[in-house]
Amino acid sequence: MIRFEDVGVTHPERSRPTLCEIDLSIPEGELVLVTGPTGAGKSTLLGTINGHVPRFTGGTLTGQVTVHGRDTAANPTRAMADLVGVVSQDPAAGFVTDVVEDELAYGMEQLGVAPGVMRQRVEETLDLLGIAHLRRRTVATLSGGEQQRVAIGAVLTAHPRVLVLDEPTSALDPTASEEVLAAITRLVHDLGMTVMVAEHRLERVVQYADMVIDLDRCGAATAGPPRTVLSASGVGPPVVMLGRLAGWEPVPLSIREARRHAPVLRARLPRSPGDGSAAATGPVLLTARGVTVTHGSTVAVRSLDLDIASGEVVAVMGRNGSGKTSLLWALQGSGRRSRGSVAVD
């Protein structure tokens with residue numbers, strides 16, 4: 001389905017290539033996870049699949065990338081739209097219309113799909129991704145997970161053979177991430193679609209992947225089964241790193257697999273002499289009383305009382321849209337605070 005032949009990419013004003021001598025094939029119907037440290041070229045690799053790189057990013061591409069026999073260098077990006085669908089890190093930045101149903105139809109309008117076919121595909125996509133109840137909602141009112149599924153649906157209606165996703169869960173909470181990943185795996189298993197995913201939070205995706213492409217900082221790639229590649233990679237989800245540290249063979253890719261090794265590991269580890277109490281902290285450094293943050297009629301933070309001691313580490317948790325960012329900016333001092341007081345030191 002996708003073939004990279006001696007592919008290299010050098011960006012403008014860079015002294016060395018971002019990608020170097022990439023030579024690999026991706027079969028049809030595979031879920032492929034692209035890994036590597038920050039700056040290794042994951043987004044660049046994905047961008048070559050529809051010709052976005054280097055056509056819109058600048059730089060030089062050497063070698064050849066073909067998708068279903070179509071050379072991306074010889075075909076403009078718009079000519080690849082019926083074959084490759086791309087969803088960026090920020091789905092909201094790519095929305096063109098205001099209403100979900102209109103957004104799903106927009107891409108087909110640009111491709112000249114007949115109205116009757118358009119209506120049928122919209123209905124199919126709404127059902128496939130479980131977003132039929134959102135069809136008349138405005139995209140600005142959707143949650144992060146809902147926006148991500150709508151963005152995927154907007155490219156699916158064109159019936160591409162390949163779906164490219166650049167960090168689809170980076171801004172989502174665990175629940176929304178599971179919903180998006182469930183939709184992605186359904187596309188692979190039910191429709192036989194080839195899906196390429198770049199993701200930093202590998203623990204969310206690795207157990208579903210058929211293949212891993214691991215990029216190093218020199219721009220070279222190692223490809224193969226997830227367990228094989230991640231056993232030697234410089235990056236990996238925590239459960240894989242635990243397996244490597246404990247010497248487990250084969251390394252686990254999921255918590256369920258790790259549990260099978262856990263009894264042996266527990267027997268090997270010494271008992272902690274501590275009583276499990278928290279580490280000692282210093283005097284109270286920040287005091288918040290009655291902090292309330294409102295955005296119009298929405299209450300993001302309601303009457304919060306909080307004391308944070310010197311040397312203390314505090315985790316702020318909650319669903320997307322629950323007010324975590326509003327709280328942090330209110331405590332920092334430059335964000336909105338409708339009521340309450342915050343004193344530091």
Side-chain angles (χ1 to χ4, degrees), residues 2 4 19 22-27 29-43 45-46 165-189 194-279 313 315 317:
I2 305 173
F4 295 87
L19 300 178
I22 306 294
D23 198 345
L24 54 91
S25 295
I26 299 169
E30 297 276 278
L31 176 55
V32 181
L33 175 61
V34 182
T35 68
T38 300
K42 297 185 293 296
S43 295
L45 180 70
L46 295 183
L165 301 158
D166 195 351
E167 298 196 36
T169 70
S170 60
L172 305 181
D173 61 33
T175 301
S177 297
E178 289 177 4
E179 294 173 352
V180 170
L181 290 174
I184 293 170
T185 54
R186 196 177 305 125
L187 298 175
V188 175
H189 296 159
T194 304
V195 177
M196 299 277 293
V197 182
E199 181 61 71
H200 276 294
R201 300 180 184 184
L202 303 181
E203 66 276 6
R204 294 179 171 180
V205 189
V206 66
Q207 57 190 308
Y208 306 113
D210 300 301
M211 177 181 181
V212 168
I213 300 173
D214 184 44
L215 300 174
D216 62 26
R217 294 191 182 277
C218 296
T222 302
R227 210 179 301 274
T228 302
V229 174
L230 293 177
S231 293
S233 172
V235 299
V239 70
V240 169
M241 293 304 188
L242 172 63
R244 289 165 58 174
L245 184 64
W248 292 341
E249 289 292 344
V251 293
L253 297 180
S254 67
I255 297 297
R256 183 184 181 192
E257 292 180 2
R259 284 198 184 101
R260 297 168 184 165
H261 298 278
V264 177
L265 179 61
R266 280 198 296 267
R268 286 169 46 195
L269 294 176
R271 296 279 183 181
S272 172
D275 60 1
S277 60
V313 177
M317 299 175 63

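Quick caveat, the model's predicted, so the values are computed rather than measured.
The stretch residues 204-223 participates, sequence neighbours left out, in no salt bridge (Lys or Arg N to Asp or Glu O under 4.0 Å) pair at all. Applying the side-chain hydrogen bond (donor to acceptor under 3.5 Å, both in side chains) test to residues at least two apart or on different chains, the pairs with a partner in residues 241-257 are Arg227-Glu257.
When the side chain to side chain contact (heavy atoms under 4.5 Å, CB included) test is applied to Glu203, the partners found at least two apart in sequence or on another chain are Arg201, Pro237, Pro238. Every residue two or more places apart in sequence or in another chain was checked for a side-chain hydrogen bond (donor to acceptor under 3.5 Å, both in side chains) with Gln207, and none qualifies. Evaluation of the salt bridge (Lys or Arg N to Asp or Glu O under 4.0 Å) rule for Glu199 yields no partner, not counting sequence neighbours. With sequence neighbours excluded, the residues forming a side chain to side chain contact (heavy atoms under 4.5 Å, CB included) with His200 are Thr38, Lys42, Glu167, listed by chain and number.
Enclosure of atom CZ in Arg260 by more than 12 non-hydrogen atoms of other residues, nucleotides or ligands within 6.0 angstrom is indicated.
Between Leu33 and Pro226, the closest side-chain pair of non-hydrogen atoms is not below 4.5 Å. You'll find the side chain of Val240 reaches within 4.5 Å of the side chain of Leu253, heavy atoms only. At a threshold of 4.5 Å between non-hydrogen side-chain atoms, the residues Ile213 and Ile26 count as touching. Within the 4.5 Å cutoff, the side chain of Leu181 has heavy atoms near those of the Ile184 side chain.
Nearest heavy-atom pair, Val180 versus Pro168, reported as atom, atom and distance to 0.1 Å: CG1-CB, 4.5 Å. Minimum heavy-atom separation, Val34 to Leu45: CG1-CD2, 4.0 Å. Listed here is the closest heavy atom pair of Ala246 and Leu265: CB-CD1, 4.1 Å. Between Pro252 and Ala258, the shortest heavy-atom distance links the atoms CB-N, 3.7 Å. Scanning all heavy atoms of the two residues, the minimum distance from Gly236 to Leu230 falls at CA-CD2, 4.4 Å. Looking at every heavy atom in both residues, Met211 comes nearest to Ala223 through CE-CB, 3.6 Å.
From Leu19, atom CG reaches atom CZ of Phe4 across 8.5 Å, with rounding to the nearest 0.5 Å. The distance from the CD atom of Glu179 to the OG1 atom of Thr169 is 12.5 Å, given to the nearest 0.5 Å. Rounding to the nearest 0.5 Å places OG1 of Thr185 at 6.5 Å from OH of Tyr208. The line from OG1 of Thr194 to CG of Leu187 is 11.0 Å long, rounded to the nearest 0.5 Å.
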